[in-house]
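Being a predicted model, the structure only gives us computed values, none of them experimental. Just the heavy atoms: all of them, side chains too, but no hydrogens, waters or symmetry mates, feed the values below.
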Amino acid sequence: MGESALNQIHAQVKSELETCVDFWLSNGQDTENGGVYTCLDREGKVYSTDKSVWMQGRCAWTFSRLCNVYGAQPKWQQMAESCFTFMEKHCINRAAKGRMYFTVTAEGKPLRQRRYCFSEAFYAMANAEYYALTGQAQYLQHARSAWQLIWQLNNGLIEDPAGFVPKTIPATRQGRALADPMIYLNLCMVLKNCDPDHAAEYMARAKQCTDMIINLHHKPGLQATLETVGMEGEFWADITAGREVNPGHDIECAWFLLEYAREAGDKMVEQKAIEMFDFAYEKGWDKEYGGLLYYIDVLGNPPEAYEHDMKLWWPHNEMLIAALMIYQITQQKKYLDIFTQTWEYAMRVFKDEEYGEWYGYLRRDGKPTLPAAKGSTFKGPFHLPRMLIMLDGMLQK
């Protein structure tokens, strides 16, 4: 690929970012109650007014990040502030020592709370990014408090103040989920960049997460990184959960590891991250229809997830980040080819020329599920704009 072709992709990236941001500003803002609606149909119409707490934090992070990268704009900062105000007022279970809800109503009445700590993680990311923008100490305090709570819960240092017990009966089976250390690793790197005064603390915990991912979940013998393993990294070959691979998760985890490796100067972690990417691409890329399969069974058995052969927007966002990042590191043409292949696929099947933004959920053949959605409880202004912001920065180099 020549410079002119990369310049063309770069122009498309900047155009897609502008379209994506405008889509959410125009359609997602709740000007009455505050916060953001993310259950949007193809045209951007709200089809459910229940609000995802993940998305309040993710949206606040995205619009804070836009301000930090491109310069503060009032409409971006107002969107972030609206999500922060809504979260503080409605999304935190004060009786459960800061645990956060999973969904709330349009007005902010609690609906669901779940055992895992991702609402808290995205809240912490957002507060850290907004602290970097404003310098207001309260946001850093919120970020560090949530960061500490997640660590305690993930590592069994405290009982869950919301009263949740493990997903499976511990006396029968105990395991580890890849999502816990990988999301915390990313959170540590975000906090380190926004709060350099505590960089040593963040890097120390990031290293522990990195060790857990590489030593327990990453399985070179299987040429895969597993979603779930035993407490000592055991491979559960006789149950579906133990054989599950989410290629998009592994690829996202790979670039989280690459960011850590760059900061730590750790070439071993860098090579393991690239290996993780290679395994996920080889096993996950659909050689018949193109695109990344959502789940696979590492031994070739039927995956348990019904959506296993669907094509979702976010794994392709992560593939683009990771492939270009690895190309920058290695200068190996195959990673530039994977980047280009994925970009062309995404432009063909995810991009909506008429209404803007990307479809979230496609069938295996690349056609949108109908009725088509641009947002949901799990899809909002996060993976796509994050990818576009990062690609813009990398392509400029």
Side-chain angles (χ1 to χ4, degrees), residues 54 57-58 61 114-125 128 146-147 149-156 167 175-193 202-220 222 224-231 233 241-242 244-264 266 268-281 283-284 292 294-296 298 312 314-323 325-326 378 382-383 386-387 390:
W54 286 20
R58 285 177 159 186
W61 178 86
R114 302 183 76 172
R115 64 172 50 80
Y116 46 61
C117 305
F118 303 137
S119 291
E120 293 84 353
F122 303 130
Y123 169 83
M125 283 176 59
W147 176 72
L149 175 62
I150 297 165
W151 181 257
Q152 292 173 327
L153 289 167
N154 282 355
N155 291 281
K167 190 173 184 178
R176 296 180 181 273
L178 175 63
D180 290 340
M182 70 169 277
I183 294 300
Y184 199 80
L185 169 61
N186 179 235
L187 174 58
C188 287
M189 300 313 293
V190 170
L191 264 69
K192 175 195 171 293
N193 292 334
Y202 303 131
M203 288 297 286
R205 286 196 181 168
K207 184 182 187 309
Q208 292 185 62
C209 293
T210 296
D211 291 345
M212 199 177 300
I213 292 164
I214 292 174
N215 296 329
L216 300 179
H217 291 271
H218 187 58
K219 305 294 183 184
L222 296 170
T225 305
L226 300 174
E227 285 292 298
T228 306
V229 294
M231 293 302 290
E244 186 177 80
V245 174
N246 182 325
H249 233 189
D250 295 352
I251 288 167
E252 184 179 21
C253 188
W255 75 256
F256 291 170
L257 289 169
L258 287 173
E259 286 200 323
Y260 168 81
R262 182 183 63 217
E263 294 297 317
D266 193 323
M268 184 278 288
V269 172
E270 180 183 284
Q271 290 306 309
K272 285 293 183 183
I274 294 171
E275 183 178 73
M276 184 181 294
F277 176 91
D278 288 342
F279 290 163
Y281 174 74
K283 279 188 162 57
L292 205 62
Y294 199 40
Y295 285 106
I296 58 171
V298 74
L312 272 65
W314 70 263
H316 298 81
N317 296 161
E318 307 312 320
M319 174 88 89
L320 289 162
I321 294 169
M325 196 179 284
I326 296 171
F378 297 96
F382 180 66
H383 284 282
R386 179 175 71 173
M387 176 271 287
M390 292 182 70

Asks: Distance from L191 atom CG to M203 atom CE, nearest 0.5 Å?
Replies: 13.0 Å
Asks: Can you see which heavy atom on M231 is nearest to which on G175, and at what distance?
Replies: SD-O, 3.5 Å
Asks: Test side-chain contact (heavy atoms from CB on, under 4.5 Å) on C117 and L149; report intermediate values, then the result.
Replies: CA-CA 9 Å; C117 305; L149 175 62; over 6 Å; no
Asks: Rounded to the nearest 0.5 Å, how far does CD of Q271 lie from CG of D278?
Replies: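 Result: 9.5 Å between the selected atoms.
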Asks: When you compare the side chain of F279 with that of K219, does any pair of heavy atoms fall below 4.5 Å?
Replies: no
Asks: Show the numbers, then the answer: is there a side-chain contact (heavy atoms from CB on, under 4.5 Å) between M325 and M390?
Replies: CA-CA 10 Å; M325 196 179 284; M390 292 182 70; 3.9 Å; yes
Asks: Compare every heavy atom of M182 with every heavy atom of F256, then report the nearest pair and how far apart it is.
Replies: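 Distance-wise, the nearest heavy atoms are CD1-O, 3.4 Å.
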Asks: Rounded to the nearest 0.5 Å, how far does CD of E252 lie from CE of M319?
Replies: 13.0 Å
Asks: Looking only at heavy atoms, which two atoms of P181 and C209 are closest? And how far apart?
Replies: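 The answer is O-CB, 3.5 Å.
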Asks: Report the C-alpha distance between L258 and I274 in whole Å, list the side-chain angles of each, state the deciding distance to 0.1 Å, and finish with yes or no for side-chain contact (heavy atoms from CB on, under 4.5 Å).
Replies: CA-CA 8 Å; L258 287 173; I274 294 171; 4.3 Å; yes
Asks: Look up atom CD1 in I183 and atom SG in C188, then write down how far apart they are to the nearest 0.5 Å.
Replies: 11.5 Å
Asks: Could you pull out the closest heavy-atom pair between A177 and H217, with the gap in Å?
Replies: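 Result for this residue pair: C-CE1, 3.6 Å.
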Asks: Of all residues at least two apart in sequence or in a different chain, which pass the side-chain contact (heavy atoms from CB on, under 4.5 Å) check with T210?
Replies: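 side-chain contact (heavy atoms from CB on, under 4.5 Å) check on T210 returns L185, I214, L257, Y260, V269.
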Asks: Can a salt bridge be assigned to the pair E259 and K192 using a cut-off of 4.0 Å between side-chain N and carboxylate O?
Replies: no
Asks: Tell me if a side-chain donor or acceptor on H218 pairs with a main-chain N or O of T225 at a distance below 3.5 Å.
Replies: no
Asks: Considering only heavy atoms from C-beta outward, does the side chain of R386 approach that of E318 to under 4.5 Å?
Replies: yes
Asks: Quick one: does R58's side chain get under 4.5 Å of M125's, heavy atoms only?
Replies: no
Asks: Minimum heavy-atom separation for L187 and A121, please, with both atom names.
Replies: CD1-O, 3.9 Å
Asks: Working to the nearest 0.5 angstrom, can you tell me the gap between L312 CG and Y295 OH?
Replies: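 Taking CG in L312 and OH in Y295, the distance rounds to 9.0 Å.
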Asks: Can you check whether N246 reaches Y294 side chain to side chain, under 4.5 Å on heavy atoms?
Replies: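 Side-chain contact under 4.5 Å: yes.
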Asks: Please report whether the ring centroid of W147 lies less than 6.0 Å from that of Y202.
Replies: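 Centroid separation for Y202 and W147: below 6.0 Å.
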Asks: Any side-chain heavy atom of I213 sitting closer than 4.5 Å to one from M276?
Replies: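 I213 vs M276: side chains touch.
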Asks: Is any side-chain heavy atom of M212 closer than 4.5 Å to one of Y184?
Replies: no
Asks: Within this structure, what is the CE-CG distance for the pair M387 and N317, rounded to the nearest 0.5 Å?
Replies: 4.0 Å
Asks: For E227, give me all partners under side-chain hydrogen bond (donor to acceptor under 3.5 Å, both in side chains), at least two apart in sequence or on another chain.
Replies: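 Result, side-chain hydrogen bond (donor to acceptor under 3.5 Å, both in side chains) vs E227: H249.
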Asks: Between G248 and P315, which heavy-atom pair has the shortest distance, and what is it?
Replies: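 For G248 and P315, the tightest heavy-atom pair comes out as CA-CB, 3.7 Å.
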Asks: Measure the acute angle between the ring planes of F122 and F118, then classify it against the limits of 30° and 60° as parallel, tilted or perpendicular.
Replies: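 The rings of F122 and F118 sit tilted, inter-plane angle from 30° to 60°.
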Asks: Which of these passes ring pair (Phe, Tyr, Trp, His ring centres under 6.0 Å) with F382: W61, W314, W54?
Replies: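 Testing F382 for a ring pair (Phe, Tyr, Trp, His ring centres under 6.0 Å) against W61, W314, W54 leaves exactly one candidate, W61.
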Asks: Could you name each residue pair satisfying salt bridge (charged side-chain N to carboxylate O under 4.0 Å, His left out) that touches residues 207-218, not counting sequence neighbours?
Replies: K207-D211
Asks: Stepwise, does the side-chain contact (heavy atoms from CB on, under 4.5 Å) test hold for S119 with Y123?
Replies: CA-CA 6 Å; S119 291; Y123 169 83; over 6 Å; no
Asks: State, yes or no, whether a side-chain contact exists between L292 and I251 at a heavy-atom distance under 4.5 Å.
Replies: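 L292 reaches I251 side chain to side chain.
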Asks: Just so I know, are the side chains of L226 and L178 near enough to count as touching, which here means a heavy-atom distance under 4.5 Å?
Replies: no
